[in-house]
Amino acid sequence: MDAAPATPSTLPTTPPAPPAPLPPAMGRRSGFVAAALGWTIPGLGQVYVGRPLKGLLMLVTIGGLFALGLFLTGFTCVDPYSYGLEFVAHMWIGGPTAAAYWLSRDIVLVEAQPYFEVGRLYAAVAGLLNLVAICDALGGVIEHNEAATERNAARAAELWNREAAALAAVEESTDAGDDLIAFDTQTSLHEHQAEAERGPDQPQAPGAPTETPPHDPFGSPDVSSNEGDLPR
Amino acid sequence: MSWMDLLWLPPVMVAIAVVLGAAGRRGFRPIVRSIWSTFLTLTFGVIAVGVAIHLVARIFA
């Protein structure tokens, strides 16, 4: 009975598993952009930093209160000449204030609104609340950028570890002598180093050794040539 | 003045509670809890201030 041929123990039986995909790098957010977006439309700053539901909550709350105030005043409460102090509060909710001021510039009240003062209060409070929403968006930018820094640092460390592991594997296979491609690459590297030392135009002398000293990554001086100067 | 005249207060209190409660917090449950506690604080604070004003007005009237 013939025995099955023995499999060389050096050959891998299964291919190595591919590494897990790295998480994508996180981009940073600008605080100025977040504040500008939140100032233009309530809640848009929160959407910019990746919190859309919170932005929707801010939009419904602040926008609804501002719209209710406009409705109760007959769309006439946004007027810097008549209500200058309240306009300071309205300024913090820039987009709706500009739109209301532009659209209501020709409206004249012909009869008194029963809840006019309540509407003025609502619109002013909505403007001040949007200031809180802008500050919240800026806090979200800080948190997002901190998370992005940590995640990108972890990603860079993982990339570094993978490259180091790949280099170690290549060196190990080169030492074992079973990786001809790596050996050929190293040989050609030595030839390039020798050519760089003697100059590109000078031909290689016949019989000259192609071996070059191994590259020292730390750039330490060669102490072997000064060996005679050292006291023994 | 009747109690109906105070109906303007709940909408603005709800809006303040929602925005101040949601600001600076992450996650659904922490936000809801913070909104509720802010609303209760506002409600009892407004009631306390109203009662105090009534008492002061009653005393000095």
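Protein chains get the first letters and strands the later ones, always in sequence-line order, with residue 1 at the start of each. These numbers were taken from a predicted model, which means no experiment stands behind them.
- Contact annotation for A/L128: neither backbone nor side-chain heavy atoms come within less than 4.5 Å of a heavy atom of chain B.
- A salt bridge links A/R120 to A/E117: one of the charged nitrogens lies within less than 4.0 Å of a carboxylate oxygen.
- Of the two parts of A/L53, neither the backbone nor the side chain holds a non-hydrogen atom closer than 4.5 Å to a non-hydrogen atom of chain B.
- For A/E143, the part lying near chain B is the side chain, with the backbone staying farther off; criterion is any non-hydrogen pair under 4.5 Å.
- Between A/M26 and A/N152, some side-chain heavy-atom pair lies under the 4.5 Å cut-off.
- Taking B/R58 as the reference, nothing meets the side chain to side chain donor-acceptor pair (under 3.5 Å) condition, with sequence neighbours excluded.
- Partners of B/R25 by salt bridge (charged side-chain N to carboxylate O under 4.0 Å, His left out), not counting sequence neighbours: none found.
- Annotation: maximal heavy-atom pairing with chain B below 4.5 Å, among A/I62, A/T61, A/N130, occurs at A/T61.
- Both the backbone and the side chain of A/L129 come within contact range of chain B, each with at least one heavy atom under 4.5 Å from a heavy atom of that chain.
- Ring geometry for A/Y83 versus A/F116: interplanar angle of 30 to 60°, hence tilted.
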